[in-house]
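By convention in this document, chain letters (A, B, ...) are assigned in the order of the sequence lines, proteins followed by strands, and residues within each chain are numbered from 1. Heavy atoms only: backbone and side chains are in, while hydrogens, waters and symmetry mates are out. None of these values were measured; they are calculated from a predicted model.
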Number of protein chains: 2
Amino acid sequence: MNNFVSVAENCALNKLRQTSRMVTKIYTEYLQPSGLTPTQFSLMTALSLLGSATMKRLADVMMMDRTTLTRNLKPLERDGLIKTFPGQDRRLKNIALTDNGRNALDEAFPLWEKAQTHLASILGTEQWETLHTSLNAATKVMQKKISVQ
Amino acid sequence: MNNFVSVAENCALNKLRQTSRMVTKIYTEYLQPSGLTPTQFSLMTALSLLGSATMKRLADVMMMDRTTLTRNLKPLERDGLIKTFPGQDRRLKNIALTDNGRNALDEAFPLWEKAQTHLASILGTEQWETLHTSLNAATKVMQKKISVQ
DNA sequence: CTCAAAAAAGTGTATATACACAACACAAAT
DNA sequence: ATTTGTGTTGTGTATATACACTTTTTTGAG
């Protein structure tokens with residue numbers, strides 16, 4: 001009984017992971033000169049938009065587990081790209097870009113743009129749009145249904 | 001200059017990762033009783049289909065880095081769900097499910113089906129189909145363009 | 001005011017991912 | 001037969017992910 005054929009072809013998560021792995025290769029390669037990983041670039045972008053944010057807020061915005069965020073920020077702080085400072089509420093930890101962080105982000109931006117363009121050209125305009133639409137729809141719906149803790 | 005707004009909204013990789021994280025939550029929860037992670041389930045499914053496979057072959061089929069595969073197989077072998085044996089060509093390492101592995105996979109299958117059904121119901125039939133279509137198209141095109149080493 | 005509940009964050013542990021490098025086996029050319 | 005190159009795999013290191021548990025601080029009920 002080969003039910004298992006359908007897993008290989010139809011498992012949504014497996015497909016997501018495979019796609020994610022391949023797309024990661026592209027962005028990692030393009031971001032290489034900046035010294036930033038894709039995750040780091042995304043986190044810093046979010047911080048650039050937020051100005052500063054607590055761990056919880058940043059985790060929510062990124063739809064990232066709080067504890068994952070803690071580990072992901074470690075290299076950024078070590079390298080002086082972000083800084084942290086307590087809030088009035090002493091439970092809170094605020095995070096913001098440093099000047100070095102802002103500079104690194106500015107340098108990385110055009111590299112990210114090239115990665116986007118490259119992927120778009122590989123997929124073709126239509127598939128590129130469809131991918132975005134479906135991922136946006138998926139995250140939007142799941143955000144409501146799933147507690148990000 | 002807030003170029004960075006477009007990153008949060010338009011970064012394909014960021015969207016892929018976010019979606020992947022949320023979908024992972026669903027499948028992990030459903031697979032919980034089986035003791036298998038989603039990755040392990042997918043790997044074992046592939047092995048079930050292939051009968052047995054070398055590291056390289058399995059990595060290719062899974063579109064997974066060879067060295068990632070090495071680490072991912074460790075817990076499965078430790079738990080007696082897969083076994084390995086050398087080929088005639090002594091560079092090759094063959095991998096196959098054990099009887100325990102096959103049993104575990106049989107038990108996990110209906111759990112995976114429930115996860116699929118649950119996600120499909122969250123997304124709705126149309127989005128579910130669109131997601132699959134676009135991910136399939138993406139992996140198909142990238143598989144040609146990108147060397148998986 | 002006191003103390004229990006809740007909220008924010010960190011740590012231990014485990015899996016997932018992949019690059020750079022190393023080790024080993026086979027193949028092919030001379 | 002030796003050498004040289006190629007193919008297959010593993011290891012060291014680093015980031016990415018998240019659950020269970022703990023610590024600290026704040027809030028709120030009485």
Side-chain angles (χ1 to χ4, degrees), chain A residues 13-14 16-29 31-32 35-43 53-60 62-79 81 84-95 146-149, chain B residues 13-14 16-29 31-32 35-43 53-60 62-79 81 84-95 146-149:
Chain A
L13 180 53
N14 197 35
L16 268 170
R17 293 253 179 106
Q18 287 179 348
T19 309
S20 192
R21 286 195 291 263
M22 288 195 273
V23 172
T24 293
K25 270 190 197 294
I26 295 175
Y27 284 76
T28 299
E29 184 187 336
L31 287 175
Q32 186 89 25
L36 297 177
T37 67
T39 299
Q40 292 167 352
F41 177 75
S42 287
L43 284 172
T54 64
M55 293 293 291
K56 178 166 172 47
R57 171 111 175 84
L58 187 53
D60 284 348
M62 293 294 296
M63 297 184 228
M64 184 180 280
D65 188 274
R66 189 181 54 74
T67 67
T68 301
L69 181 60
T70 299
R71 316 297 167 122
N72 286 349
L73 291 180
K74 278 264 161 66
L76 291 175
E77 189 169 20
R78 178 199 60 201
D79 297 344
L81 301 173
T84 65
F85 52 97
Q88 288 179 337
D89 184 335
R90 288 163 64 187
R91 288 171 301 182
L92 303 183
K93 182 184 187 180
N94 286 293
I95 305 127
I146 301 182
S147 68
V148 190
Q149 157 167 16
Chain B
L13 180 52
N14 197 34
L16 267 170
R17 292 251 179 108
Q18 286 179 350
T19 308
S20 192
R21 286 195 291 264
M22 288 195 275
V23 172
T24 294
K25 270 190 196 297
I26 296 175
Y27 284 76
T28 300
E29 184 187 337
L31 286 175
Q32 186 88 28
L36 298 177
T37 66
T39 298
Q40 292 166 355
F41 177 75
S42 286
L43 284 172
T54 65
M55 293 294 290
K56 178 163 173 46
R57 172 111 175 86
L58 186 53
D60 285 347
M62 292 293 296
M63 296 184 231
M64 183 180 282
D65 188 273
R66 188 181 56 73
T67 66
T68 302
L69 181 60
T70 300
R71 316 298 166 123
N72 286 349
L73 291 180
K74 277 264 163 63
L76 291 175
E77 188 168 19
R78 178 200 61 202
D79 297 344
L81 300 173
T84 66
F85 52 96
Q88 287 179 336
D89 184 336
R90 285 164 67 186
R91 289 171 300 185
L92 304 182
K93 183 182 184 180
N94 286 293
I95 305 128
I146 302 182
S147 67
V148 189
Q149 160 170 12

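Both T37(A) and R90(A) sit near DNA chain D, but only T37(A) has its closest nucleotide nearer the 5' end.
Atom CD of Q40(B) and atom CG of L73(B) lie 9.5 Å apart (nearest 0.5 Å). Atom CG in N14(A) sits 4.5 Å away from atom CD in Q18(A) (nearest 0.5 Å).
Under the side-chain hydrogen bond (donor to acceptor under 3.5 Å, both in side chains) criterion, T28(B) pairs with no residue at all, not counting sequence neighbours. Listed by chain and residue number, V23(A), L16(B), L135(B), A138(B), T139(B), M142(B) satisfy the side-chain contact (heavy atoms from CB on, under 4.5 Å) test with T19(A) (two or more places apart in sequence, or in another chain). Scanning for side-chain contact (heavy atoms from CB on, under 4.5 Å) contacts around L92(B) gives T54(B), D89(B), with sequence neighbours left out. With sequence neighbours excluded, the residues satisfying side-chain contact (heavy atoms from CB on, under 4.5 Å) with T68(B) are M64(B), D65(B), N72(B). In terms of the side-chain contact (heavy atoms from CB on, under 4.5 Å) criterion, residue partners of E77(B) (sequence neighbours excluded) are, by chain and number, I82(B), T84(B).
Closest contact between the side chain of M64(A) and the listed nucleotides dT15(D), dC19(D), dT17(D) involves dT17(D). Here the nucleotide nearest the side chain of R78(A), chosen from dT15(D), dG10(C), dT17(D), is dT15(D). Picking from dA16(D), dG10(D), dA16(C) the nucleotide with the shortest atom distance to the side chain of R17(B) gives dA16(D). When distances are taken from the side chain of T39(A) to each of dA16(C), dA16(D), dG12(C), the shortest belongs to dA16(D).
In terms of phosphate contacts, N72(A) brings a side-chain nitrogen or oxygen within less than 4.0 Å of OP1 or OP2 of dT17(D). Checking the phosphate oxygens (OP1, OP2) of dA18(C), a side-chain nitrogen or oxygen of T68(B) falls inside 4.0 Å. Contact annotation: T70(A) side-chain N/O to dA9(C) OP1/OP2 distance is not under 4.0 Å. For dC19(C), the OP1/OP2 oxygens have a side-chain nitrogen or oxygen of K25(A) closer than 4.0 Å.
The nearest whole Å value for the distance from the CD atom in Q40(B) to the C1' atom in dA14(C) is 10 Å. To the nearest angstrom, P of dC19(C) lies 15 Å from CG of L69(B). Atom-to-atom, CG of D65(B) to P of dA16(D) comes out at 16 Å; the value is rounded to the nearest Å. To the nearest angstrom, P of dA16(C) lies 16 Å from OH of Y27(B). One interatomic measurement links the two molecules: CZ of R21(B) to C1' of dC19(D), which rounds to 16 Å at whole-angstrom precision. The nearest whole Å value for the distance from the CD atom in Q18(B) to the C1' atom in dA16(D) is 14 Å. What separates CG of L13(B) from C1' of dT15(D) is a distance of 14 Å, to the nearest Å. Look at CE on M22(B): it is 13 Å from P on dT17(D), rounded to the nearest Å.
Residue-level contact check: Q88(B) touches the backbone only, with heavy atoms under 4.0 Å from sugar-phosphate atoms and none from bases.
A donor-acceptor contact under 3.5 Å is formed by the side chain of R71(A) with the base of dT13(C). Side-chain atoms of T28(A) and base atoms of dC19(C) include no donor and acceptor less than 3.5 Å apart.
For the pair R21(B) and K25(B), the minimum side-chain heavy-atom distance is 4.5 Å or more.
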Enumerate the protein-to-nucleotides 5-8 of chain D contacts in which both atoms are nitrogen or oxygen and the separation is below 3.5 Å.
none

